[in-house]
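Throughout, a chain's letter reflects where its sequence line sits, starting with A, and its residues are numbered from 1.
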Amino acid sequence: MSAETRTMGKRRPYRRAMDGWWTRNPFFVRYMIREWTAVLVAAYALVLLVGAVRLAQGEAAYSAWFESMKSPFALAFHWVTLAVFLYHTWSWFEIMPRTMPAIFVGGKRLARGVITAAGIAAALACCAIVLALALGGGR
Amino acid sequence: MKRSSAPIFWSMFGAGGLLSALVGPALVYLTGIAAPLSWGVPLDLMSYPRMLAFAQHWAGKAVVFLVVALFLWHAAHRIYHTLHDLGLHSKALGQWIVYGPSALLTAWLAWALLSIGF
Amino acid sequence: MAEGDRSPGASIEVEVLRYRPEQDSEPFYQSFTVPYAEDLSVLQALQHIKDDLDSTLSFRWSCRMAICGSCGLMINGIPKLGCRTFLREYYPGRVRVGPLNHFPIERDLVVDIEDFVGKLEKIHPYIIPREPRTLDQGEYLQTPRQLQRYLQFSNCINCTLCYAACPQYGLDPAFLGPGITALLHRYNADSRDGGQAKRAAIMHAEDGVWGCTAVSYCSEVCPKAVDPANAINQNKMASAMDYFLRFVKPGGARK
Ligand code: SF4
Ligand code: FES
């Protein structure tokens, strides 16, 4: 039976538009914020990329770049970026229980909160290691 | 049904997302705040000789390359999807707009790191 | 809630999205005042409207006990089952009821789920025995651990709430979507099943798992805790592995 023969002439399915869909539910607003963190992640990657290029261009170029990192604008940018990265860390591990295969412990599915907490703990540990290496090691 | 090429970009998205979630805050704080302000870090933390030595070592090169490239491709994948979310229907166009520049920037990064030498 | 709220004669305003294709050019909200009681569901409010106020109102329902999956509605903007959502959650405010988002509206609160059913038929939603057995060989045995791998995904009641929650499906109806992928995974993950190869092409396609951006609102609204977002996203990993390893894997290159 084709769709035509099965359906009567009065059928006129109404399709609703999707414009502004993400403004209609706080959950979607949060999703959008999570996705938009990418803009500052990209911007930060660009800052480092320019630093690497300046480094390749020699001492004068590199020092000028590092000097520009001390401008109020650059500092403000990095404070905002830090906040956004912290949000990214939280949101990455918040969604993690949904994205990885379930883990069963003693016959029970590991709770979402446990996985998120473990991820954030891992991030804290990794950040601590990076800071320790930069501050202590290498000397 | 055509197989999607998404796994390539998604893998980099995932690796970059995980890496930035794990060490991103510490890196931003160090390179963007602590070092420029000399807050409790060695004064020469990001000095030219030290950074040069870091980037000349093969391991240092690898770290810089992975951090910058993966952060970039992580962001690129999200931005590509966001363009679609906001109404850019053509996935092919979105890929060109976002992955194209990302590829160029990655090449530029590789060039810079290589020209720093070993 | 104050005691007086339950007094006889209490009422609540219910706004219902109406769309009668033979006379309305587009949907509009119609307001009804229905008797309120603490134990009345939104579905019962609709039944009251149809029985006593306006018999032309169309909506779907059957079991009234959250198992048939036919009474999905947008209730104050959130996909829910009408039969297990109660007026008391909104009283004394009004309740706004609409047809499930992202599906074409057929009439009033009835949506066209042809697309969903079509996708369901395509994924081989049944066990394809890994090794055929004859009756006298006995039943297929399964350990509790093997059962656990798919049990949650087998609880789906095809209510399509997750589709109404999924913006990616709304933006592009070609996307396989949450519930169907959860079912696809339910069979793939069953130790008795050997049909994974048959379902692979659908899963690996751009409109398969890769249409998902892990919004994960589907899992929030699912009335049966199926967690369809989990089914999709763990299969991204599986699909990516297959993508990269297909040439080195024994069994060779599947397209
Ligand atoms: S996965 Fe949940 S929300 Fe989706 S159709 Fe099945 S029961 Fe309904
Ligand atoms: S009427 Fe069956 S699920 Fe609500």
- Message: Can you tell me which portion of Leu70(B) sits under 4.5 Å from chain A's heavy atoms? Options are side chain, backbone, both or neither.
- Response: neither
- What are the two closest non-hydrogen atoms of Thr89(A) and Ala21(B), and how far apart are they? OG1-O, 2.9 Å
- Which bit of Phe65(B) is near chain A, if near means a heavy-atom gap under 4.5 Å: side chain, backbone, both or neither? neither
- Honestly, the part of Ser102(B) sitting under 4.5 Å from a heavy atom of chain A is neither
- Message: Are there over 12 heavy-atom neighbours, none belonging to Arg15(A), within less than 6.0 Å of that residue's CZ?
- Response: no
- Query: In terms of heavy-atom pairs under 4.5 Å, which option from Tyr62(A), Phe93(A), Phe77(A), Trp90(A) contacts chain B the most?
  - Reply: Tyr62(A)
- Item | Leu18(B) portion near chain A, given a 4.5 angstrom heavy-atom threshold | both
- To the nearest 0.5 Å, atom CG of Leu113(B) lies from atom CG of Leu55(A) at 8.5 Å
- Closest non-hydrogen contact found for Ala52(A) with Leu109(B) is CB-CD1, 4.3 Å
- Count the heavy-atom pairs under 4.5 Å between each of Ala76(B), Ala35(B), Ala53(B) and chain A, then report the option with the highest count. Ala35(B)
- Message: Using 0.5 Å steps for rounding, measure from the CE atom of Met46(B) to the CE atom of Met69(A).
- Response: 5.0 Å
- Can you see which heavy atom on Ala134(A) is nearest to which on Leu30(B), and at what distance? CB-CD1, 3.5 Å
- Nearest heavy-atom approach of Arg78(B) to Arg34(A) is NH1-O, 3.3 Å
- Side chain / backbone / both / neither for Leu45(B) at chain A, heavy atoms under 4.5 Å: side chain
- Task: Could you tell me which of Val84(A), Val50(A), Val130(A), Asp19(A) has the largest number of non-hydrogen atom pairs under 4.5 Å with chain B?
- Result: Val130(A)
- Note on the structure: When every non-hydrogen atom of Pro25(B) is compared with those of Leu82(A), the smallest separation belongs to O-CD1, 3.4 Å
- Student check: side-chain heavy atoms of Leu22(B) and Trp92(A) closer than 4.5 Å: no
- CH2/Trp21(A): more than 12 non-hydrogen atoms of other groups inside 6.0 Å: yes
- Note on the structure: Okay, Ser71(A) and chain B: the region with an atom under 4.5 Å from a heavy atom over there is neither
- Under a 4.5 Å cut-off applied to non-hydrogen side-chain atoms, are Phe85(A) and Phe71(B) in contact? yes
- Message: What's the separation between atom CG in Leu49(A) and atom OG1 in Thr106(B), rounded to the nearest 0.5 Å?
- Response: 8.5 Å
- Choice from Met18(A), Glu59(A), Arg54(A) maximising heavy atom contacts with chain B below 4.5 Å: Glu59(A)
- So what's closer than 4.5 Å to chain A heavy atoms on Ala69(B): side chain, backbone, both or neither? neither
- State, yes or no, whether a side-chain contact exists between Lys70(A) and Leu37(B) at a heavy-atom distance under 4.5 Å. no
- Who among Cys127(A), Ala45(A), Ala128(A), Ala43(A) has the most heavy-atom pairs with chain B under 4.5 Å? Cys127(A)
- Nearest 0.5 Å, what's the OG1-CG distance between Thr31(B) and Leu48(A)? 5.0 Å
- Message: Just checking Phe73(A): does its CZ atom have more than 12 heavy atoms from other residues, nucleotides or ligands closer to it than 6.0 angstrom?
- Response: no
- Counting heavy-atom pairs under 4.5 Å to chain A, which of Gly14(B), Gly117(B), Gly16(B), Gly32(B) comes out on top? Gly32(B)
- Query: Between Ala56(A) and Ser115(B), which heavy-atom pair has the shortest distance, and what is it?
  - Reply: CB-OG, 3.5 Å
- Item | Polar contact flag, side-chain donor to acceptor under 3.5 angstrom, Ser20(B)-Tyr44(A) | no
- Message: Are Met32(A) and Asp85(B) packed together at the side-chain level, in the sense that at least one heavy-atom pair is separated by less than 4.5 angstrom?
- Response: yes
- Query: CG of Leu83(B) to CD of Glu35(A): how many Å apart, nearest 0.5 Å?
  - Reply: 11.5 Å
- Message: Below 4.5 Å, heavy-atom pairs only: which of Gly87(B), Pro49(B), Gly24(B) has the largest tally toward chain A?
- Response: Gly24(B)
- By a 4.5 Å heavy-atom criterion (distance strictly below it), what part of Tyr31(A) contacts chain B: side chain, backbone, both, or neither? side chain
- Report the option among Phe66(A), Trp22(A), Trp65(A) that has the most heavy-atom pairs separated by less than 4.5 Å from atoms of chain B. Phe66(A)
- His78(A) side chain to Ala34(B) backbone, donor-acceptor under 3.5 Å: no
